[in-house]
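A short write-up of the structure that comes next.
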There are 2 protein chains.
Amino acid sequence: MIIQLDMQSDVPIYTQLMNQIVEGIAGGSLKPGEALPSVRSLASDIGVNLHTVNKAYTLLKQEGYIQIHRQKGVVVQPDGLPGLTPEFLAKQQEQLRPVIAESILRGMNLSDLLEQVKKLYEQISPSSGKESMP
Amino acid sequence: MIIQLDMQSDVPIYTQLMNQIVEGIAGGSLKPGEALPSVRSLASDIGVNLHTVNKAYTLLKQEGYIQIHRQKGVVVQPDGLPGLTPEFLAKQQEQLRPVIAESILRGMNLSDLLEQVKKLYEQISPSSGKESMP
DNA sequence: TAACTGTTATATTTGTAGTATAACAGCTAT
DNA sequence: ATAGCTGTTATACTACAAATATAACAGTTA
């Protein structure tokens with residue numbers, strides 16, 4: 001799991017962390033049951049405070065994406081990832097709406113927008129083939 | 001122009017303002033050349049400080065969506081709205097990526113995601129018919 | 001002149017982000 | 001058993017963004 005942080009970004013470090021872990025799970029490079037680095041080791045690896053990592057982990061746990069065992073450590077959710085709940089769909093719409101509105105304003109048509117979404121989906125999705133097959 | 005603010009939201013008021021104005025322009029309810037309320041009147045209407053409105057206006061001007069004339073007031077960009085610049089497309093991808101990743105993680109397939117985007121696009125787009133025809 | 005525009009300046013309050021230490025409780029391997 | 005590792009909690013601090021509150025300035029318009 002390679003983490004790339006942008007310290008100059010206006011998006012908080014713990015959010016960048018969450019995004020990259022979510023992307024790792026979605027893309028299949030992090031599989032259910034797989035262990036994640038401890039708060040201290042990850043914090044030291046990427047050069048941030050342990051509380052920053054802990055905040056990301058705690059929020060990911062609240063969303064049901066990982067499990068935290070007090071002494072064992074952190075693992076990607078092994079008991080089935082949460083599905084398409086109404087709460088998630090509502091949040092998804094609130095996030096998509098302003099992006100889509102601005103795209104319309106700048107003259108992007110529907111099929112070009114759908115093409116962009118498809119491109120990103122396939123970039124992230126594991127079926128695009130990131131596995132190493134020796 | 002009806003503005004709906006959520007004071008409990010974690011998204012800043014000036015961002016909510018920007019989003020709604022962008023949506024208004026994208027949806028055609030705010031047409032190029034049309035005047036927007038002054039910083040003071042809008043601030044007083046929605047019950048916030050004039051600087052909060054001013055910040056939203058200033059950022060919208062920086063993006064090229066509105067014009068601000070020192071004494072005349074604020075107008076929706078009449079000289080052609082900015083198009084699909086590389087900077088915008090980069091920003092668009094950075095915004096879409098985490099949303100799409102989380103959708104994949106929760107098991108949403110591509111066609112369902114595209115359907116959601118299409119639905120929102122048509123909700124916002126003026127061709128969905130918000131005009132009053134007496 | 002009065003009333004309106006955006007603009008600028010200053011100050012204050014509040015909350016979040018991030019860091020820095022430190023300690024606690026429980027597990028595990030030496 | 002001791003040492004070392006887990007997550008967890010607490011406290012304190014700095015830095016910054018968001019939002020408010022006033023106040024004043026410069027230019028336009030009725």
Side-chain angles (χ1 to χ4, degrees), chain A residues 1 3-21 30 33-79 94 98, chain B residues 1 3-21 30 33-79 94 98:
Chain A
M1 189 66 195
I3 301 283
Q4 285 289 12
L5 291 186
D6 180 3
M7 294 311 207
Q8 315 307 322
S9 169
D10 57 338
V11 27
I13 298 177
Y14 74 90
T15 303
Q16 294 186 44
L17 267 174
M18 291 178 68
N19 286 343
Q20 298 205 22
I21 292 173
L30 291 177
E34 188 172 338
L36 270 64
S38 75
V39 288
R40 285 178 179 81
S41 69
L42 181 51
S44 132
D45 276 4
I46 60 184
V48 301
N49 191 273
L50 114 178
H51 288 107
T52 306
V53 176
N54 189 252
K55 183 168 185 177
Y57 278 177
T58 302
L59 291 171
L60 286 170
K61 170 184 145 200
Q62 277 177 24
E63 303 196 45
Y65 298 158
I66 63 176
Q67 276 187 4
I68 303 183
H69 298 92
R70 195 173 181 110
Q71 283 81 20
K72 295 179 184 176
V74 182
V75 245
V76 178
Q77 183 61 258
D79 304 335
E94 280 183 8
Chain B
M1 188 69 196
I3 301 282
Q4 284 289 13
L5 292 185
D6 179 3
M7 295 310 209
Q8 315 305 322
S9 169
D10 57 337
V11 28
I13 298 176
Y14 74 89
T15 304
Q16 295 186 44
L17 265 175
M18 291 178 67
N19 287 343
Q20 299 207 20
I21 293 172
L30 290 177
E34 187 171 338
L36 270 63
S38 76
V39 287
R40 286 180 179 81
S41 69
L42 180 51
S44 132
D45 276 5
I46 60 185
V48 301
N49 191 274
L50 114 179
H51 289 107
T52 306
V53 176
N54 190 252
K55 183 168 187 179
Y57 277 177
T58 302
L59 291 171
L60 287 171
K61 169 185 146 199
Q62 277 177 25
E63 302 196 44
Y65 298 158
I66 62 176
Q67 276 187 5
I68 302 183
H69 298 91
R70 196 173 181 108
Q71 284 79 22
K72 294 180 184 176
V74 181
V75 258
V76 178
Q77 182 63 256
D79 304 337
E94 279 184 7

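So that the names make sense, note that chain A is the first sequence line, chain B the second, and so on, each numbered from 1. Keep in mind that this is a model prediction, so the values were computed, not measured.
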### Task
Using a 4.5 Å cut-off on heavy atoms from C-beta on, say whether the side chain of A:Q67 contacts that of A:V76.
no

### Task
Measure the shortest side-chain to side-chain distance between B:L36 and B:L42 over non-hydrogen atoms and say whether it is less than 4.5 angstrom.
no

#### Entry: Donor-acceptor side-chain pairing of A:S41 and A:S38 below 3.5 angstrom
yes

### Nucleotide interval of DNA chain C bounded by contacts with chain B (heavy-atom cut-off, under 4.0 Å)
C:dT5 to C:dA9

### Query
Rounded to the nearest Å, what distance is computed from the CG atom of residue B:L50 to the P atom of nucleotide D:dA21?
11 Å

### Message
Nearest whole Å is fine: how far is D:dC25 P from B:R70 CZ?
### Response
14 Å

### Message
Do A:V75 and A:I68 make a side-chain contact, defined as non-hydrogen atoms from C-beta onward lying under 4.5 Å apart?
### Response
no

### Task
Please list, by residue number, the residues of residues 6-17 of chain A whose heavy atoms come closer than 4.0 Å to an atom of DNA chain D; answer none if no residue qualifies.
none

#### Entry: Length of the line joining B:N49:CG and D:dA19:P, which is rounded to integer Å
10 Å

### Interatomic spacing from CG in A:D45 to CD1 in A:I3 - rounded to 0.5 Å
9.5 Å

### Position toward the 5' end of DNA chain C (nearest nucleotide), B:K61 or A:K55
B:K61

### Query
What is the nucleic acid contact for B:H51, judged by heavy atoms within less than 4.0 Å: base, sugar-phosphate only, or nothing?
base

### Query
Any side-chain heavy-atom pair from A:Y57 and A:I66 closer than 4.5 angstrom?
yes

### Task
Give a yes/no answer on whether the side chain of B:T52 brings an N or O atom under 4.0 Å of OP1 or OP2 in D:dA19.
no

### Task
Sequence neighbours left out, what passes side chain to side chain donor-acceptor pair (under 3.5 Å) with B:N49? Give chain and number order.
B:H51

